Amino acid sequence: VEASIPEPQREAWKRNQITSFTDKDGFEKEVVRHVETTLARSMFNCDEIAAYSATSLAFRDRLITHWNRTQQRQTYRDTKRVYYLSLEFLMGRALDNAMLNVGLKNVAQDGLAELGFRIEDVVKQEHDAALGNGGLGRLAACFLDSLATLNFPAWGYGLRYRYGIFKQEIIDGYQVEVPDYWLDFNPWEFPRHDVTVDIQFFGQVNKKTVDGKTVSVWEAGEIVQAVAYDVPIPGYDTPTTNNLRLWSSKASGGEFDFQKFNSGDYESSVADQQRAETISAVLYPNDNLERGKELRLKQQYFWVAASLYDIVRRFKKSRRSWNEFPDQVAIQLNDTHPTLAIVELQRILVDIEGLEWDNAWEIVTSTFGYTNHTVLPEALEKWPVGLVQHLLPRHLQIIYDINLFFLQSVEKAIPDDRDMLRRVSIIEESQPKMVRMAFLAIVGSHKVNGVAELHSDLIKTTIFKDFVEIYGPDKFTNVTNGITPRRWLHQANPRLSELIASKCGGNDFLKDLTLLNQLEKHVQDKQFRKEWAEIKYANKVRLAKHIKDTTGVVVNPASLFDVQVKRIHEYKRQQLNIFGVIHRYLSLKAMTPDQRKKQLPRVSIFGGKAAPGYWMAKQIIHLINSVGAVVNKDEDIGDLLKVIFLEDYNVSKAEIICPASDISEHISTAGTEASGTSNMKFVLNGGLIIGTCDGANIEITREIGESNIFLFGNLSEDVEDLRHAHTYGSHTIDSDLDKVFNEIEKGTFGTPHDFSAMIAAVRQHGDYYLVSDDFHSYIETHQLVDEAYRNQDEWIAKCITSVSRMGFFTSDRCINEYAEEIWNVEPLAVDRH
Ligand code: GL7
């Protein structure tokens, strides 16, 4: 790389190389410089926002220097790279994470203090980057942190939504959605106006003869421009700084607009501009649900085509032969959202680069891996053939060809099974015909993985069963999800992190989480337990303050904090939780004052967003708030029970909530939650969990031991029979649950009619989520929780033991598994100086 630059020039550049600050004085200089020159302010009008901005700019300068060196190193070494394609990256705030990852938070803290600011207040000024819905998007963010920390040459590719997930307000007990315009001031992105790609839509396909060969040419239609925005991703305790490239849509300038403008059609050229910009305007706010909207398909192709163009452009610089493509490039599909990338790469190789179909297809399938994140039928993507034909005519032809060759191979391997062909066809012969994206993703990838053991088993025995028969079991694998301990322990719970470090030989556990096992020998240490308990209490005080500030309700931090925060969904069963809370309330009301005195005080804390169009989920939010309104002001009850709904749950709120929980709820109907990742965050922060045998709960139990978790409810293998029995047998409702329903119907929690559909779902409509079947076991298990919590000494011992055994759930372990089993890539050694 360097050789192309003449010696004297090279010297001049090297002489003037930027040196990043390393101490307080250097940091302060940078902050003052940014306040005065970049922000055009001074010490007389530097408020907390300006202090945040200048601090971020100081760290950004640092990151981008490392970013440049990392990219140069990766280009120079030219080893295989990983590309993680995800429509969602739920990043949260960047500043605190950047300071900790580069190891200069103390420097910044001291520097800011000298300049008159408290670092906690400065950090809070940042708006969350909320480009995701829930677990799937946060997983992508944890993966980026691990990829950088482990020094993998890896890029994320996503969309730069102008509006992230909406902000949730609770008004009169109902969810109201407010747009999240987060880009006002975002120091963490670098616009690359020179990195643009023209993306084509619509038009038609014509056959032409070029050099005696017939080729398909995709012509006419409309062009939208993709502009790159780069976000630096710093690894922890390493100079590696990777890249997250987000695409923004823009009308392609030039002739098209110009012509319209000249012909006096100014308004229509403005309309074109706006139409183009809507592609990356907004994140679809659905979690585990696909609504099949045309604009969503446009987003998918826009992002996938821009990313592939970029990847191919980078590959071509090395002038290798196409057959080496899979040795240089691994692309991971985060769910089926980027599946069109398979078709697009085949199109590039065959139509543009002139490769033979079979050769191209071999390259394509060796390049891609596909991660499935759900078995819920309503979340499996299907697109009407007509829509694909209209928007992407050439891609539909290629999909048909892929399907033809695939079905021929199935016919050959498993002859005379017409029904098999119908079942596995990428094209569903329905009215209208549909493209089954998951099947296309399987056929176009060399590995398919689920996200926890149970889930990976379920996909092999249910939705993808036929494909296991066709390809054999080796194509399917499991990579159990993980979380980054940097954000979810070190950043969110600094005191606990420090206490752990004092027992685990320093901060190395943050890079090798299995070192947590050293805690176990200290479980009996009284002083250690005491400090542990004090930290938990302080974290609860912090959350109690947040509750007071945001809801006005005063909660006692000595109560048991029982938390369920996640997207609101019937399968996650917040309704089971709130019915259980009502049951507790009724039991307390039925007691004498003397009996009440013996009860353990509890705070039931809920949080989470409902998709704007998910009516039932919104009713659940309303019921939680209505119960809170009654219970929280009931003087018979006082501190014994409080019910809190925290508005606008997001990453930065999770960082306050996770460290403050005593018990958290992961209570999905068995077989529905693919993994869950907040279960891992809560345990890692010294909380216990109540949960069903679902997703990663099962593996958490295996690691930490059955005596350290409160499991309840039916097993996934029994769900089908139970559902069948509800529909075709007689369905009797649990008697305690019936009492809860009767109380709601009496109007105790407001207009009964508001909640009639929730009750009917259980009583009359087959109780698909098994709320009644699991209710008794749920209530009993909560009693066990109460009893266990009374023995604080043992409780703390359980918490410490659990944390010590959580090493498996770091996203570093996940990334190493992906690297080894799916991507076949290795980290790049770095020079620390
Ligand atoms: C999800 C699963 O529901 C969740 O259990 C899992 O932890 C997460 C990451 O693998 O993926 N699947 C899905 O479609 N969404 C999820 O959060 C939206």
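The model shown is predicted, which means the values in this text are computed figures rather than measured ones. Along the sequence shown, residues are numbered consecutively beginning with 1. Just follow the structure's listing: the first ligand is 1, and inside any ligand the first atom is 1.
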NZ or CZ of Lys609 within 45° of Phe166 ring axis and under 6.0 Å: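 Yes, Lys609 and Phe166 form such a contact.
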
Distance to 0.1 Å, residue and atom name: give those for the protein heavy atom nearest to [atom].
atom: atom 4 (C) of ligand 1; result: Glu673 OE1, 3.4 Å
atom: atom 15 (N) of ligand 1; result: Asn288 ND2, 3.4 Å
atom: atom 10 (O) of ligand 1; result: His373 ND1, 2.6 Å
atom: atom 17 (O) of ligand 1; result: Leu136 N, 3.0 Å

Could you list which atoms of ligand 1 come closer than 4.0 Å to a heavy atom of [X]?
X: Asp287; result: 18 (C)
X: Gly135; result: 8 (C), 9 (C), 17 (O)
X: Tyr571; result: 3 (O)

Contact partition for Asn481 relative to ligand 1, non-hydrogen atoms under 4.0 Å: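 For Asn481, only side-chain atoms sit under 4.0 Å from ligand 1.
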
Ligand 1 contact on Val451 by region, counting heavy-atom pairs under 4.0 Å: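 It is the side chain that touches ligand 1; the backbone stays farther off.
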
Gly676-ligand 1 polar pair, N/O distance under 3.5 Å: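 Such a contact does occur with ligand 1.
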
Contact check: Asp335 vs ligand 1, nitrogen or oxygen atoms, below 3.5 angstrom: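 Between Asp335 and ligand 1, no N or O pair is found under 3.5 Å apart.
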
Closest non-hydrogen atom pair, Cys658 against Phe682: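 Minimum heavy-atom contact is CA-CE2, 3.6 Å.
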
Classify the ring geometry between [X] and [Y] as parallel (under 30°), tilted (30 to 60°) or perpendicular (over 60°).
X: Tyr83; Y: Tyr157; result: tilted
X: His622; Y: Tyr174; result: parallel
X: Phe143; Y: Tyr84; result: perpendicular

Salt-bridge criterion met for Asp812 and Lys511 (N-O under 4.0 Å):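 Salt bridge flag = no for Lys511 with Asp812.
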
Salt bridge flag under 4.0 Å for residues Lys298 and Glu294: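 No salt bridge links Lys298 with Glu294.
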
Asp774, Asp694, Asp773, Asp767 screened by salt bridge (charged side-chain N to carboxylate O under 4.0 Å, His left out) with Arg573, the one that passes: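 When Asp774, Asp694, Asp773, Asp767 are each tested with Arg573, the salt bridge (charged side-chain N to carboxylate O under 4.0 Å, His left out) holds only for Asp774.
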
